[in-house]
Amino acid sequence: MMSQFQEVLKQSGLHPKPAGLVLQYGTAGFRTNAKKLDHIMFRMGLLATLRSRKTKATIGVMVTASHNPEEDNGVKLIDPMGEMVTPTWEGYATQLANAEQEDLLTALKDVIEKEAIDMSQEADVFVGKDTRSSSASLSQAVMDGVSALGGHSKDYGLVTTPQLHYMVCCQNTKGKYGDATVEGYYSKLYQAFIQLTKSVLNRTDDQKHLSVDGANGIGALKVREMEAHLKKELQISLFNDGSKGKLNHQCGADFVKVQQKPPTGVEMNPGERCCSFDGDADRIVYYFIDSEGQFHLLDGDKIATLISTFLKELLTQAGVDLKMGAVQTAYANGSSTRYLEDTMQVIVRCTKTGVKHLHHAAQEFDIGVYFEANGHGTVLFSKAAEEIIQHLAEDANINDERKRAARMLQNTINVINQTVGDAIADMLLIEAILAIKGMTIQQWDSIYSDLPNRQLKVKVADRRVIDTADAERRAVSPAGLQDAIDSLVKKYRKARSFVRPSGTEDVVRVYAEAETQESADDLAHKVSLAVYRLAGGVGGEPKQLL
Ligand code: NG1
Ligand code: ZN
């Protein structure tokens with residue numbers, strides 16, 4: 001034990017913390033300019049080792065800054081079942097990250113003591129990274145941290161975030177969820193996809209074709225790897241594959257969603273299905289241009305609706321009564337919420353932004369479909385629901401229609417990545433649903449019409465002055481802000497607006513929706529000015545929409 005601490009001391013000298021630097025474990029772990037992260041990575045290696053000893057299970061550490069610029073990087077810890085770490089451990093992460101060099105051992109020992117960690121336990125950590133140029137040395141720093149504390153790390157190298165979540169879950173469930181290898185991941189997903197689509201006869205090449213924007217990131221590499229398995233049942237044209245463009249620059253799911261326009265680098269013909277991944281392939285959005293050249297976005301809300309409709313129909317056909325719910329955040333388009341509740345009669349819950357909140361809420365249902373509007377989402381099936389579906393699929397005494405539906409539900413369970421939102425898995429499920437329902441992207445799009453909306457960012461001196469309640473839909477501080485928003489919202493038809501401090505960027509986010517795009521833009525702009533005025537805006541009045 002003594003020697004472990006000496007090793008930590010020695011090694012941490014090679015990964016020194018810049019004095020005074022303070023970072024917070026936010027919505028998506030630590031995320032900032034890559035140059036500031038070496039010590040964070042080393043320390044997260046230490047923490048993951050402790051977490052592994054505490055849980056007596058394998059822990060994951062993913063090095064990525066997702067949709068953020070190439071210059072940034074970040075790190076996220078993955079708990080044994082593939083979920084995000086608990087708030088207490090997020091607190092430890094922040095504590096360890098911010099301890100000055102000379103206080104590191106004290107901070108470390110503090111966690112060991114509070115959690116009563118047996119330091120003689122084995123520790124296993126799976127490490128993965130995205131394609132950023134800084135990721136190689138940063139993931140090495142994580143592994144240095146693991147070995148300094150006497151843990152074992154396994155380097156998965158370049159993987160998507162959801163792939164690493166999947167590996168961790170497979171490892172800790174002793175293969176029940178699948179094999180903890182990239183090959184095992186592809187084989188589970190593509191087999192389920194082939195099973196789902198095999199009954200669909202006469203699919204044309206057009207129906208099998210999909211254009212994918214890989215955001216010049218890891219998703220592009222992994223789509224390439226998987227393509228061979230798909231046996232031409234899905235024919236992918238891959239754009240922004242990283243061979244020339246810069247990661248997430250003018251492309252990727254976040255760009256398309258926020259800018260509401262097509263990415264650069266993708267050849268689009270009218271009516272053709274296209275989708276964009278983000279920089280670590282845990283988000284996906286679909287879109288197309290119509291014959292008049294107009295752009296149509298099918299975001300996480302439209303995806304959730306498509307999947308919920310499909311599952312509800314299958315449940316009816318299979319004749320099983322399972323409680324299904326949809327989970328959204330305040331960013332969900334108002335039309336989607338109305339459609340799910342009123343037309344589909346699905347229970348809808350709204351949570352705070354951040355996957356862990358959605359994931360948690362989705363666990364309350366037999367089948368929980370959760371999606372953030374930005375395209376991060378998945379479906380969770382309770383253990384009981386999985387068992388019921390499995391029994392039914394194997395039941396010799398039911399009719400063909402029920403059996404077919406039960407088998408489709410079973411394959412849906414297998415194609416989806418239940419550990420976390422997964423662009424590749426979601427893409428396969430969406431493609432299968434469209435094929436099975438014989439639906440074009442236009443038909444999918446016309447299920448309901450989005451309310452025009454706008455997202456803006458405002459820079460303030462300290463974004464923590466904004467405090468929210470009611471799943472972030474109301475600002476309780478600073479004083480007067482919510483009143484200002486309320487009186488602005490009243491001036492527009494079908495309007496809604498809210499503000500919240502970002503958990504991944506040093507900005508306040510503003511969201512507005514209204515009956516027309518002009519109104520949504522105007523409302524978002526006016527709310528931004530109110531934030532600027534009442535929450536200590538910096539950097540000159542925000543004249544231009546960010
Ligand atoms: P912040 O920066 O807290 O808004 C963003 C996304 C989240 C989530 C995280 C993690 C929006 C409005 N926010 O969080 O939904 O995906 O990044 O990547 O899209
Ligand atoms: Zn991401």
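Every number for a ligand or one of its atoms is a count from 1 in the order of the listing. Just so it is clear, the structure is predicted and the values come from calculations on it, not from any experiment.
Take R224 and apply the side-chain hydrogen bond (donor to acceptor under 3.5 Å, both in side chains) test, not counting sequence neighbours, and it matches D241. Remark: H359 pairs with Y370 by the ring-ring contact (aromatic ring centres under 6.0 Å, His included) rule, at least two apart or across chains. E505 is linked by a salt bridge (Lys or Arg N to Asp or Glu O under 4.0 Å) to K457, R509, counting only residues two or more places apart in sequence or in another chain.
With respect to the salt-bridge test (charged N to carboxylate O, under 4.0 angstrom), the residues R273 and E431 qualify. Salt bridge R496/E513: present, at least one basic N to carboxylate O contact under 4.0 Å. Classification of E70 and K246 as a salt-bridged pair fails, no side-chain N sitting under 4.0 Å from a carboxylate O.
Residue-ligand proximity: R31 is placed with a non-hydrogen atom under 4.0 Å from ligand 1.
If you number the atoms of ligand 1 from 1 as listed, the ones under 4.0 Å from a heavy atom of G503 come out as 1 (P), 2 (O), 3 (O). Near R500, the atoms of ligand 1 lying under 4.0 angstrom from a non-hydrogen atom of the residue are 1 (P), 3 (O), 4 (O).
A distance of 11.5 Å separates CD1 in I218 from CZ in F277, rounded to the nearest 0.5 Å.
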Take L77 and R51 through the side-chain contact (heavy atoms from CB on, under 4.5 Å) test and state the conclusion after the steps. CA-CA 9 Å; L77 299 187; R51 183 76 185 146; 5.7 Å; no
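Taking the ring centre of Y287 as origin, the terminal cationic atom of K257 falls outside the region bounded by 6.0 Å and 45° from the ring axis.
Of all the listed residues (R283, H376, K76, H67), R283 holds the heavy atom that lies closest to atom 6 (C) of ligand 1.
Checking only distances, A28 never comes within under 3.5 Å of ligand 1, N or O to N or O.
Counting heavy atoms closer than 4.0 Å to ligand 1, residue Y511 contributes nothing at all.
For the Zn ion (ligand 2), the set of protein N/O/S atoms nearer than 2.8 Å consists of S66 OG, D278 OD2, D280 OD1, D282 OD1, ordered by chain and number.
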